[in-house]
Amino acid sequence: MSPTSPDGIRLLPLRSIRPHPANPRMDLGDLADLTADIRDNGLIEPLVVIPGSYGRGHGLCGDCDQDVPRHGSGVLAEHVVDGRPCAGGAEPAADDWYVVAGHRRRQASLDAGVHDVPCVTRYDLRTRADVIALMLRENSHRRDLTPLEEAQGFHQLTLEGLTATRIAQQVKRSKKTVDRRLALMGLDERARRKLARGQMTLGDAEAMLDLPPEKADRVLRSVGTTAFRQEVARERLETDDRAALAAELRREFLEPFLTGAQRPPRAALPGLRREVVTSLAEGLPRRVVRAWLDALGLGEPVEVHQVDPDRALLALATVVASGVPGQYDLLARLDYEPSPVEVELLEGA
């Protein structure tokens, strides 16, 4: 039995821990810095593992990949391969444990030549869905998974019988995100490869989802070029009309801003407000504009665009505020505290 510390962390032989086959992360990335750190300082953050063949009467030999009986002590029995004793005899089974959190740390520890690693053992993950959900949560907290890896992980959970709503609850993501990732499984293999290799953005991939296979195949040729969005719009609208294509491209670009899915760049906001102020000065009723200009101390509507847009919008709000209560509602937004006489006035309004 491996020693267990008071905090429940066990020191386990690294050769007895395998990557979980359902790990959603396909690429462990560059491990050079992590390997060097573990070599110099040891593994600081424990792995999280679940039982594999640990506690069973047989296990997988890490040297010959054969299923081998165990001794009562838990190590594998001595056995022969091609007429010679296998080096995996009297050693722990290679599948005693499966790592569910810490695949990068496990591989870096192997590369660093570490023999034993601290581990937290989880016996409460009773179903495959529980295990997959934990791996997805662990990776999403670290922002390690690509959208396609998330999609494949969520897809595995659907195969375990989970709905998108249940998946969202399990992995602590919004249902909208889960639905969007699952939709990526509708991409053909070529598109998935481009997305996995970074040759296509998530936005590009999602733009192709509503295209039938033959149209998606045509627009895939323009991925990575400035013509890609144009080709998607052409196939979607089935037209070569330039004005119609341009209108569709503008609509598509503005949609996430108008729905609230994306915020405008901070640097663009002052200019946008100024455009709004100028348009209001040109389009509002003359009586309202006159009162607005008086509040700003201006003479002509053309002068409004010279004023700080936030100041101009505040002045307009004071003009259009409805009655005394409306004016005090506006002042409250500016942290105004009414005097007793004003409180009496409001109560009688």
Side-chain angles (χ1 to χ4, degrees), residues 7-9 17-31 34 43-52 95 97-108 117-189 191-198 200-210 256 259-263:
D7 56 5
I9 297 175
I17 305 170
R18 286 207 155 187
H20 197 283
N23 178 31
R25 184 168 185 169
M26 296 179 283
D27 181 7
L28 296 181
D30 184 2
L31 298 175
L34 182 57
L43 181 61
I44 298 173
E45 184 177 355
L47 308 181
V48 179
V49 299
I50 60 172
D95 62 345
W97 307 93
Y98 285 101
V99 62
V100 294
H103 286 83
R104 280 172 49 83
R105 300 193 297 280
R106 172 192 170 276
Q107 185 58 52
V117 290
C119 296
V120 174
T121 54
R122 295 284 299 266
Y123 293 92
D124 58 322
L125 303 173
R126 302 187 182 280
T127 69
R128 179 179 170 86
D130 290 338
V131 172
I132 295 171
L134 183 143
M135 289 190 289
L136 285 166
R137 285 198 304 273
E138 196 262 349
N139 280 290
S140 65
H141 291 330
R142 298 173 184 270
R143 300 187 181 275
D144 280 343
L145 290 182
T146 67
L148 188 57
E149 288 171 333
E150 277 193 321
Q152 292 171 329
F154 295 161
H155 180 62
Q156 288 187 66
L157 289 176
T158 65
L159 297 179
E160 297 298 319
L162 272 66
T163 64
T165 300
R166 182 61 179 154
I167 292 171
Q169 295 169 346
Q170 287 269 37
V171 302
K172 312 301 182 187
R173 303 295 296 276
S174 70
K175 182 178 179 296
K176 181 178 180 180
T177 297
V178 173
D179 286 334
R180 289 177 62 190
R181 296 297 184 267
L182 285 172
L184 295 178
M185 298 304 293
L187 294 172
D188 68 19
E189 191 59 34
R192 287 197 218 175
R193 283 200 302 269
K194 286 185 177 292
L195 181 58
R197 294 169 182 168
M200 179 166 60
T201 68
L202 175 60
D204 290 345
E206 291 180 330
M208 294 177 55
L209 288 173
D210 60 350
T259 60
Q262 187 174 340
R263 294 184 63 83

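For clarity, every value in this text was computed on a predicted model and none was experimentally measured.
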Self-check item: Residue pair Leu182 / Ala151: nearest heavy atoms and the distance that separates them
Solution: CD2-O, 4.2 Å
Practice problem: Calculate, to the nearest 0.5 Å, the distance between atoms CD and CG belonging to Glu149 and Asn23 respectively. | Solution: 8.0 Å
Exercise. Answer whether the closest heavy-atom distance between the side chains of Met208 and Asp204 falls below 4.5 Å.
Key: no
Quiz item: So, for Gln107 and Leu28, which heavy atoms are closest and what is the spacing to 0.1 Å?
Solution: CB-CD1, 3.8 Å
Quiz item: Hey, does Glu160 have a side-chain heavy atom less than 4.5 Å from the side chain of Gln156?
Solution: no
Quiz item: Between Asp27 and Gly29, which heavy-atom pair has the shortest distance, and what is it?
Solution: OD1-N, 2.9 Å
Quiz prompt | Verdict with reasoning, Leu157 to Val171, per side-chain contact (heavy atoms from CB on, under 4.5 Å) | solution = CA-CA 10 Å; Leu157 289 176; Val171 302; 4.3 Å; yes
Quiz item: Taking side chain as C-beta onward, heavy atoms only, is Arg105 less than 4.5 Å from Val117?
Solution: no
Quiz item: Can you find a heavy atom in the side chain of Leu184 that is under 4.5 Å from one in the side chain of Glu150?
Solution: no
Quiz prompt | Heavy-atom pair of closest approach, residues Ile132 and Gly153 | solution = CG2-O, 3.8 Å
Quiz item: If you measure from OH on Tyr98 to CD1 on Ile17, what distance do you get to the nearest 0.5 Å?
Solution: 12.0 Å
Quiz item: How many angstroms lie between CG in Leu195 and CG in Leu202, if you round to the nearest 0.5 Å?
Solution: 6.5 Å
Quiz prompt | Close side-chain approach of Asp179 to Lys176, heavy-atom, < 4.5 Å | solution = no
Quiz item: So how far is it from Leu125 CG to Thr127 OG1, rounded to the nearest 0.5 Å?
Solution: 8.0 Å
Quiz item: Passes side-chain contact (heavy atoms from CB on, under 4.5 Å), Gln170 versus Asp130? Steps please.
Solution: CA-CA 8 Å; Gln170 287 269 37; Asp130 290 338; 3.9 Å; yes
Quiz item: Does any non-hydrogen side-chain atom of Trp97 lie less than 4.5 Å from one of Pro51?
Solution: yes
Quiz item: Would you say the side chain of Leu148 lies within less than 4.5 Å of the side chain of Arg192, judging by non-hydrogen atoms?
Solution: yes
Quiz prompt | CZ-CG distance between Arg106 and Leu43, expressed to the nearest 0.5 angstrom | solution = 12.5 Å
Exercise. Hey, could you give me the OG1/CD1 distance between Thr163 and Ile167, rounded to the nearest 0.5 Å?
Key: 7.0 Å
Self-check item: side-chain contact (heavy atoms from CB on, under 4.5 Å) assessment of Val178 paired with Arg181
Solution: CA-CA 5 Å; Val178 173; Arg181 296 297 184 267; 5.9 Å; no
Quiz item: Are any non-hydrogen side-chain atoms of His103 and Leu47 less than 4.5 angstrom apart?
Solution: no
Quiz item: Minimum heavy-atom separation for Ser174 to Ala168, with atom names?
Solution: C-CB, 4.0 Å
Quiz prompt | Nearest non-hydrogen partners of His20 and Val99, listed with the distance | solution = CB-O, 3.3 Å
